[in-house]
Amino acid sequence: QTSVTLTATPVDGNDVRWYETAGSVNPISPNVGTLSGTRQYFVSSIRTGACEGNKYPMTVTVLPTPPAPSTNNISRCGTGQVTLTTTPGSGATELKWYTTSTGGTALSSNIVTVSGSTTYYASSLTAAGCESTSRSAVTVTIIPTPTAGTIGLLSATQICVGMNFQIDVSGSSGSLLYEADYDDFAGPADNWVNVLSDYSGPSIFSYEGQYSGNWRVRVRSGAACGPS
């Protein structure tokens, strides 16, 4: 339901009068109050001290207001740009974004730059331009980029097949996972083969030297943030 005020553009200095039916003789106020669905009124034009013109029908259609969008949480690694996304409410085709839960001016774009965790608010918008009366919160969480620290071997750089060597990743910070790869020198350059993924144990770990070649250790957070 929506409060409606009837409007029409008079011509040649005339005034307008509103009626509930074509046969009504008493005009009504253009402020017809709260309506829902479709309703027909009649309008005529009249000049002071002159005759009144014919009544013409005018149909008022109150379009439905869409529900608020679904909620959504977004994360990214470190500061930078984020594209705000969520699903519009039923019957809506677009979203409008705000920095406040009520009031304020809509953002000109859904691409924002964030330097810390921030909450934005989305409303639903229909093709006819009807906007939801409530908004849904969408929180953007910044995941700190971990520090890789010092990565290196604690044993000789040349080892025999079957011997263990130790890789030191001490000095790293954050909730980290480690990956170990080696380059077998076969095929194209930098043909890295992964032999250890998502290791989250002590900062010094051992691996059996079954492969010859260059080795590397990559560090990332559980959210795939991090330097290689």
Side-chain angles (χ1 to χ4, degrees), residues 1-10 15-16 18 20 28-41 43 58-149 172-177 198 200 218-228:
Q1 293 185 336
T2 302
S3 180
V4 175
T5 299
L6 304 175
T7 61
T9 303
D15 293 324
V16 296
W18 294 97
E20 289 189 330
I28 61 173
S29 167
N31 300 312
V32 293
T34 300
L35 299 180
S36 61
T38 300
R39 176 73 185 273
Q40 189 177 65
Y41 292 92
V43 61
M58 188 183 78
T59 300
V60 177
T61 301
V62 178
L63 300 174
T65 300
S70 59
T71 58
N72 186 33
N73 292 323
I74 303 170
S75 62
R76 65 155 287 134
C77 302
T79 61
Q81 284 191 336
V82 171
T83 299
L84 301 174
T85 59
T86 193
T87 303
S90 177
T93 57
E94 299 179 46
L95 297 166
K96 294 180 75 173
W97 292 96
Y98 299 84
T99 58
T100 56
S101 59
T102 59
T105 302
L107 301 178
S108 59
S109 171
N110 67 325
I111 300 175
V112 295
T113 300
V114 290
S115 57
S117 295
T118 309
T119 299
Y120 293 90
Y121 299 88
S123 64
S124 301
L125 190 68
T126 67
C130 295
E131 185 175 359
S132 60
T133 56
S134 60
R135 302 171 187 172
S136 297
V138 174
T139 300
V140 180
T141 302
I142 299 299
I143 301 173
T145 302
T147 302
S172 304
S173 66
S175 177
L176 303 177
L177 299 173
D198 292 349
S200 59
R218 294 180 293 174
V219 183
R220 62 183 175 84
S221 74
C225 300
S228 297

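From a predicted model like this one, the values you see are computed outputs, not experimental measurements. Values reported hereafter were calculated over all heavy atoms of this structure, with side chains retained and with hydrogens, waters and symmetry mates removed.
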For [X] and [Y], which heavy atoms make the closest approach, and how far apart are they?
{"X": "T83", "Y": "I111", "value": "OG1-CG1, 3.9 Å"}
{"X": "S101", "Y": "R135", "value": "O-CD, 3.2 Å"}
{"X": "R76", "Y": "Q81", "value": "NH1-O, 2.8 Å"}
{"X": "T93", "Y": "A127", "value": "OG1-N, 3.6 Å"}
{"X": "T102", "Y": "T100", "value": "O-OG1, 3.0 Å"}
{"X": "S124", "Y": "A68", "value": "OG-C, 3.5 Å"}

Roughly how far apart are [X] [atom1] and [Y] [atom2], rounded to 0.5 Å?
{"X": "N110", "Y": "L95", "atom1": "CG", "atom2": "CG", "answer": "8.0 Å"}
{"X": "N72", "Y": "L84", "atom1": "CG", "atom2": "CG", "answer": "9.5 Å"}
{"X": "Y41", "Y": "T59", "atom1": "OH", "atom2": "OG1", "answer": "11.0 Å"}
{"X": "T61", "Y": "R39", "atom1": "OG1", "atom2": "CZ", "answer": "12.5 Å"}
{"X": "T65", "Y": "L125", "atom1": "OG1", "atom2": "CG", "answer": "11.0 Å"}
{"X": "L35", "Y": "S3", "atom1": "CG", "atom2": "OG", "answer": "8.0 Å"}

With a 4.5 Å limit on heavy-atom distance, are the side chains of [X] and [Y] in contact?
{"X": "V82", "Y": "Y120", "result": "no"}
{"X": "S70", "Y": "S136", "result": "no"}
{"X": "T86", "Y": "W97", "result": "yes"}
{"X": "T126", "Y": "L63", "result": "no"}

Just one of T38, L6, V32 clears the side-chain contact (heavy atoms from CB on, under 4.5 Å) bar with V60, so which one?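 For V60, the side-chain contact (heavy atoms from CB on, under 4.5 Å) test succeeds with only one of T38, L6, V32, which is L6.
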Decide whether S123 and S132 meet the rule of one side-chain donor and one side-chain acceptor closer than 3.5 Å.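 S132 and S123 do not have a side-chain donor-acceptor pair below 3.5 Å.
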